[in-house]
Amino acid sequence: MKSTIIALFLLLAGSTVCFAQCDKSFTLTSSKTEYLDDKGNVDRAADEQTVVEINQSKVSVTIENGKQTLTGVIKSNTCNWATAFKDGKSIINTSLSEESGNGEKDYIFTIEGKDGKIRFVAESAQMPDKKIRLTIDKFEEKK
């Protein structure tokens, strides 16, 4: 009985840590963007700095020091991290629009950590044959 209670307590504590990560604010910085075709092959690549800022309710994507900024509201966020932002996955549904108000597109962001490396992939229903993959150089949690 005692071991069951301890196991239940550890499970609950672990679950709390995983859920706590979902509401964190953080910034991902990338120096390389890859544009993928529908088969996952690299169509083209660009050396450009992209900064993705995510908090509980909003997303901001800034490309090349403000040359283009996209912002949006998070519609849903599913996350499951065994080790905070090192091993696990988040899936964020959002709609992004340019600062100029030039239309809005729905995106699914997949942020995946494996072996301490973070990968970021963006997909849009409006562009089903294209994906954008960022090589994440830096992760910062905002406090």
Checklist entry - Taking it one step at a time, do Val52 and Leu134 satisfy side-chain contact (heavy atoms from CB on, under 4.5 Å)? => result CA-CA 10 Å; Val52 181; Leu134 302 178; 3.9 Å; yes
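- For the atom pair CG of Asn93 and OG1 of Thr78, the computed distance is 7.0 Å after rounding to the nearest 0.5 Å.
- In this structure, Ser124 contributes its side chain and Gln126 its backbone to a donor-acceptor pair below 3.5 Å.
- Here the CZ-CG distance, from Arg119 to Leu28, works out to 13.5 Å after rounding to the nearest 0.5 Å.
- Lys89 contributes atom NZ, which lies 5.0 Å from atom CD of Glu112 (distance to the nearest 0.5 angstrom).
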Item to check | Check against side-chain contact (heavy atoms from CB on, under 4.5 Å), Phe109 and Val59 | outcome: CA-CA 10 Å; Phe109 293 162; Val59 174; 3.5 Å; yes
Next on the checklist: Set out, in order, the CA-CA distance, both residues' side-chain angles and the distance that settles side-chain contact (heavy atoms from CB on, under 4.5 Å) for Lys105 and Met127, then state yes or no.
Outcome noted: CA-CA 9 Å; Lys105 290 183 182 166; Met127 301 181 303; 3.9 Å; yes
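- The distance from atom CZ of Arg44 to atom CG of Leu36, rounded to the nearest 0.5 Å, is 11.0 Å.
- In terms of hydrophobic clustering, with Ile, Leu, Val, Met, Phe, Trp and Tyr side chains grouped at heavy-atom distances under 4.5 Å, Tyr107 and Tyr35 are assigned to a common cluster.
- Among Asp47, Ile136, Thr50, the one residue that satisfies the side-chain contact (heavy atoms from CB on, under 4.5 Å) test with Lys32 is Asp47.
- Between atom CD1 of residue Ile91 and atom CD1 of residue Ile108 there is a gap of 8.0 Å, rounded to the nearest 0.5 Å.
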Item to check | Worked check of side-chain hydrogen bond (donor to acceptor under 3.5 Å, both in side chains) between Glu140 and Thr27 | outcome: CA-CA 5 Å; Glu140 283 183 293; Thr27 301; 5.2 Å; no
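- Residues Ile111 and Ile132 are members of one and the same hydrophobic cluster, defined by side-chain heavy-atom contacts under 4.5 angstrom among Ile, Leu, Val, Met, Phe, Trp and Tyr.
- A donor-acceptor pair is defined here as one N or O able to donate and one able to accept, closer than 3.5 Å; such a pair exists between the side chain of Glu64 and the backbone of Gln49.
- Here Ser90 contributes atom OG and Lys24 contributes atom NZ; the two are 12.5 Å apart, rounded to the nearest 0.5 Å.
- Side-chain contact between Asp43 and Lys130 is present, with heavy atoms from C-beta onward closer than 4.5 Å.
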Next on the checklist: Is there a side-chain contact (heavy atoms from CB on, under 4.5 Å) between Ile92 and Ile54? Walk through the geometry before answering.
Outcome noted: CA-CA 10 Å; Ile92 298 171; Ile54 299 173; 3.8 Å; yes
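- Residues Trp81 and Ile74 share a hydrophobic cluster, clusters being chains of Ile/Leu/Val/Met/Phe/Trp/Tyr side chains in contact below 4.5 Å.
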Checklist entry - What's the verdict on salt bridge (charged side-chain N to carboxylate O under 4.0 Å, His left out) for Lys142 and Glu53, showing C-alpha distance, side-chain angles and the deciding distance? => result CA-CA 9 Å; Lys142 292 186 173 188; Glu53 296 180 77; 2.5 Å; yes
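- In terms of modelled atom types and a separation under 3.5 Å, the side chain of Asp106 and the main chain of Ser95 share no donor-acceptor contact.
- Looking at every heavy atom in both residues, Asp137 comes nearest to Ser31 through OD2-OG, 2.6 Å.
- By the 4.5 Å heavy-atom criterion applied to side chains, Ile118 and Phe26 are not counted as neighbours.
- A donor-acceptor pair under 3.5 Å is formed between the side chain of Asn55 and the backbone N or O of Ser57.
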